[in-house]
**Student:** 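Before I ask anything, let me first share the structure, which is written out below as structure tokens.
What's counted below: heavy atoms across the whole structure, side chains too, no hydrogens, waters or symmetry copies. Just so you know, ligand 1 is whichever comes first in the structure, and atom 1 is the first atom listed for that ligand. Please read these numbers as outputs of a predicted model, since none were measured by experiment.
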Amino acid sequence: MTADAELIEAARKLFAGPIAFHKSAPGLEHLPPADLPEVAFAGRSNVGKSSLLNALTGRNGLARTSNTPGRTQELNFFEVGDPAQMRLVDMPGYGFAEAPKDVVRKWRFLINDFLRGRPTLKRALVLIDSRHGIKDVDREVMSMLDKAAVSYRLVLTKTDKIKATALDAVRAAAATEARAHPAAHPDIIATSSEKGGGIADLRAAVLEAVS
Ligand code: GDP
């Protein structure tokens with residue numbers, strides 16, 4: 001097997017094993033101890049983050065879909081492996097249109113403090129809806145990650161919803177933009193939770209980040 005194939009197979013095995021919801025942290029005082037490597041998932045609300053976490057872990061209902069936008073301001077932690085080997089962190093969605101200012105402010109503080117103060121955070125995955133490309137709110141998060149020196153990768157979602165030529169274009173544009181960000185990985189992962197495209201690569205990217 002090539003190194004890539006080995007990583008993909010190891011990642012498949014890891015995510016086929018035990019995975020459990022660990023805890024919700026509405027504030028930094030509720031975080032689990034920083035004792036395991038972590039990979040965080042960020043994205044605008046409705047980007048398909050819950051669906052992607054469910055596809056990644058092969059279980060429906062692990063991450064709850066259709067949270068009321070603007071209400072959920074917690075970081076949700078999931079433990080992978082038994083004994084746990086790593087944690088997945090579901091960050092609260094951002095960019096919802098009618099969010100009250102104090103909710104946005106609270107979100108920004110929570111995320112910034114988490115990104116800057118979490119020594120075990122190995123990587124963030126920033127989800128981008130492939131139909132819309134990178135938006136200004138995504139750029140804001142990318143720059144928060146750059147400043148916090150947290151390495152991150154862009155992941156396109158819902159690729160089953162667009163044509164291959166449109167996907168090529170959005171992928172190229174995202175890669176160009178990623179190259180201008182110091183903490184961004186230059187390769188973009190294109191996924192469809194619905195059809196399963198790119199999910200094996202995403203699993204490998206998560207495992208690689210914590211290995
Ligand atoms: P979240 O708010 O980011 O957690 O987004 P959800 O996972 O709840 O997804 C938002 C909507 O997009 C739901 O209606 C999902 O069914 C839909 N969706 C998510 N991923 C995909 C995908 O890969 N393909 C398609 N066609 N729809 C998706």
**Student:** Give yes or no for whether the N/O distance cutoff of 3.5 Å, strictly under, is met between Lys49 and ligand 1.
**Tutor:** yes

**Student:** How about NZ on Lys147, more than 12 heavy atoms from neighbouring residues, nucleotides or ligands closer than 6.0 Å, or not?
**Tutor:** no

**Student:** With atoms numbered from 1 as shown, which atoms in ligand 1 lie under 4.0 angstrom from a non-hydrogen atom of Asn46?
**Tutor:**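 Answer, ordered by atom number: 1 (P), 2 (O), 3 (O), 5 (O), 10 (C), 11 (C).
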
**Student:** Looking only at non-hydrogen atoms, which of Ser51, Ser130, Pro92 approaches atom 6 (P) of ligand 1 most closely?
**Tutor:**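 Of the listed residues, Ser51 has the closest heavy atom.
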
**Student:** Using distance alone, determine whether Ser193 and ligand 1 share an N or O pair under 3.5 Å.
**Tutor:**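 Yes, Ser193 has an N/O under 3.5 Å of an N/O on ligand 1.
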
**Student:** Are any of the N or O atoms of Gly48 closer than 3.5 Å to those of ligand 1?
**Tutor:** yes

**Student:** Please, which pairs that meet salt bridge (charged side-chain N to carboxylate O under 4.0 Å, His left out) have at least one residue in residues 160-180, sequence neighbours excluded?
**Tutor:** Arg139-Glu177

**Student:** Using a 4.0 Å cutoff against the non-hydrogen atoms of Ser192, which atoms of ligand 1 qualify?
**Tutor:** 23 (O)

**Student:** Going by distance only, is there an N or O of Ser45 that falls short of 3.5 Å from an N or O of ligand 1?
**Tutor:**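 Checking ligand 1 against Ser45, no N or O pair falls under 3.5 Å apart.
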
**Student:** For the residue pair Phe41 and Val206, establish whether any side-chain heavy-atom pair is separated by less than 4.5 Å.
**Tutor:** yes

**Student:** So, are Glu38 and Lys122 salt-bridged, with charged N and O less than 4.0 Å apart?
**Tutor:** no

**Student:** Tell me which pairs pass salt bridge (charged side-chain N to carboxylate O under 4.0 Å, His left out) where either residue lies in residues 200-211, with sequence neighbours left out.
**Tutor:**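 Matches after skipping sequence neighbours: Arg123-Glu208.
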
**Student:** Going by heavy atoms in the side chains, are Ile111 and Leu75 under 4.5 Å from each other?
**Tutor:** yes

**Student:** Could you list the atoms of ligand 1 found under 4.0 angstrom from a heavy atom of Lys161?
**Tutor:** 25 (C), 26 (N), 27 (N)

**Student:** Between the main-chain N or O of Lys158 and the side-chain N or O of Ser130, is there a donor-acceptor pair closer than 3.5 Å?
**Tutor:**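 Answer holds: yes.
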
**Student:** Kindly confirm or rule out an N or O of Lys158 lying under 3.5 angstrom from an N or O of ligand 1.
**Tutor:**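 Yes; the residue has a nitrogen or oxygen that sits under 3.5 Å from a nitrogen or oxygen of the ligand.
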
**Student:** Asp160 near ligand 1, heavy-atom distance under 4.0 Å?
**Tutor:** yes

